[in-house]
Amino acid sequence: MSMTKQSSRRDVLKGSLALAGMGMFSFPEWALPALAQGETPVPFTDLPEVINWRRTPDRRMLDIRTVDSVFTHRDEFFTTQHYGHPEIDPATYRLEVSGLVDQPLSLSIDDIRAMPARDLIFGFECSGNRGPINGLSSNGRWTGVSLHTVLEHAGVQPAAREIVFLGADHGEEEVEFRGRSYTVDQQYGRSLPRGKALSPEPLLEYALNGEPLTPFQGFPLRLLVPGWYGAPNVKYLAEIHVQEDAYLGKYQARWYRTLKGEMVNGELKWKETAITRMRLKSFIARVSTDGSRHRVFGIVLNDGTPIRSVEVMVDDGEWQAATLSPSTSSRYGWKFFTWDWHGATPGEHTLVSRVTDVNGEVQPTAEELEVKMTFLEHNAQHPRTVMIS
Ligand SMILES: Nc1nc2c(c(=O)[nH]1)N[C@H]1C(S)=C(S)[C@@H](COP(=O)(O)O)O[C@H]1N2
Ligand SMILES: [Mo]
């Protein structure tokens, strides 16, 4: 991947100001040691000339250099949205449950809030999240009800194999078929196999960090599939449709796919797979200094498998053990790590992190991921450069 080896002075300045500015607020209890008084940021020298933090209203990236709390502020939470932001009147809103169920349902937000609530700490990323800034990810404390509970109320029939989730947002799509193309209006839709939908994990969420969902995060109700990438987390959830057939909508079957080579019995096979569980990833979010040592701060994301270790390497040195923060020990939430760098010498240095889970799975290098043709699920180790003065 080619990157401009220069950072715009304005972006560096903006980053420094944002970080410096945070010293003016009182720190929440989970504030990071990296932001202690007297800590100043060391700008990355590998950032592109221009970073488009808000490419459109439908796409907002989080400036990960400024992360100062475990939970992302609700007005900074990243977003990607395909069909604008539908305005939904909570008074008339209904979640419809239809198809192969014993009892179709039409639930108001109050009906849903009356069901047993559960909290979930979940940090997810868009499957398109990648360098140079890794800004399509955020971490939240969500509140809602088990999807399981709602599906039990409706009674999923034995023939049902696929549970489809449709958002209230929709748009015109060209559907290609053997050289012809048909223009039709479709809702954002994703599906889960029966077993996954009826498992204890997926939730229907109405609150983020203790407040109602924002219009960006899918007010009034969204699906969350803990440990999976962002695409299945259907926002503005309008309908759950239970069916026997596989759901082949655009965002299920075509848009979110990975094409990757895999060795099977000594032969290279090209596989197309759906976007599901988050791949093991770590990245360095910022570097700061107190004048003597430097501190590297980063974030780990994965599918909920416990983490064995995170390491940091400087230039071509040895891997050094980083420390996972006890403030982020929830299963599905972001995990923070820090590594203290002593005796950094003046000049430009390359820093990279890698994470290993308890199953021995190691975050791949960019070279190891070269067999992946399409850009989604990019979890490669991500080298960053800083200039030490
Ligand atoms: N209804 C609806 N849900 C959606 C989408 C969408 O376009 N419409 N985008 C998906 C994608 S690709 C991602 S990455 C996440 C982003 O969630 P966020 O906006 O809360 O960050 O929402 C998912 N859910
Ligand atoms: Mo996404």
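When a ligand or atom number is given, it counts from 1 through the structure's own listing order. Numbering starts at 1 and runs along the sequence shown. If you're wondering where the values come from, they're calculated on a predicted model, not measured in any experiment.
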Is there a polar contact between ligand 1 and [X], counting only N or O atoms under 3.5 Å apart?
X: K235; value: yes
X: F77; value: no
X: Q217; value: yes
X: E125; value: no

- request: Can you establish whether the number of heavy atoms outside R277 located under 6.0 Å from its atom CZ is more than 12?
  value: no
Got the closest protein heavy atom to [atom], with its distance?
atom: atom 7 (O) of ligand 1; answer: H82 N, 2.8 Å
atom: atom 10 (C) of ligand 1; answer: Y188 OH, 3.4 Å
atom: atom 23 (C) of ligand 1; answer: G230 O, 3.4 Å

- prompt: Of the choices L213, T72, T80, which has the non-hydrogen atom that lies closest to atom 9 (N) of ligand 1?
  reply: T80
Check contact between [X] and ligand 1, using heavy atoms of the residue and a distance below 4.0 angstrom.
X: Y229; value: no
X: Y256; value: yes
X: R222; value: yes

- prompt: Could K281 and E125 be called an ion pair, given the rule that one side-chain N must be under 4.0 Å from one carboxylate O?
  reply: yes
message: Is any side-chain heavy atom of V70 closer than 4.5 Å to one of W334?
response: no
statement: Sorted by chain and number, sequence neighbours left out, side-chain hydrogen bond (donor to acceptor under 3.5 Å, both in side chains) with N359 holds for none
For residues 213-221, tabulate all N or O donor-acceptor pairs below 3.5 Å that involve a side-chain atom, not counting sequence neighbours.
residue: T214; atom: OG1; partner: F216; partner atom: N; Å: 3.2
residue: T214; atom: OG1; partner: Q217; partner atom: N; Å: 3.0
residue: T214; atom: OG1; partner: Q217; partner atom: OE1; Å: 2.8
residue: Q217; atom: NE2; partner: F78; partner atom: O; Å: 3.0

query: Cut-off 3.5 Å, side chains only: do S108 and D110 have a donor facing an acceptor?
result: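 No - no donor-acceptor pair under 3.5 Å links their side chains.
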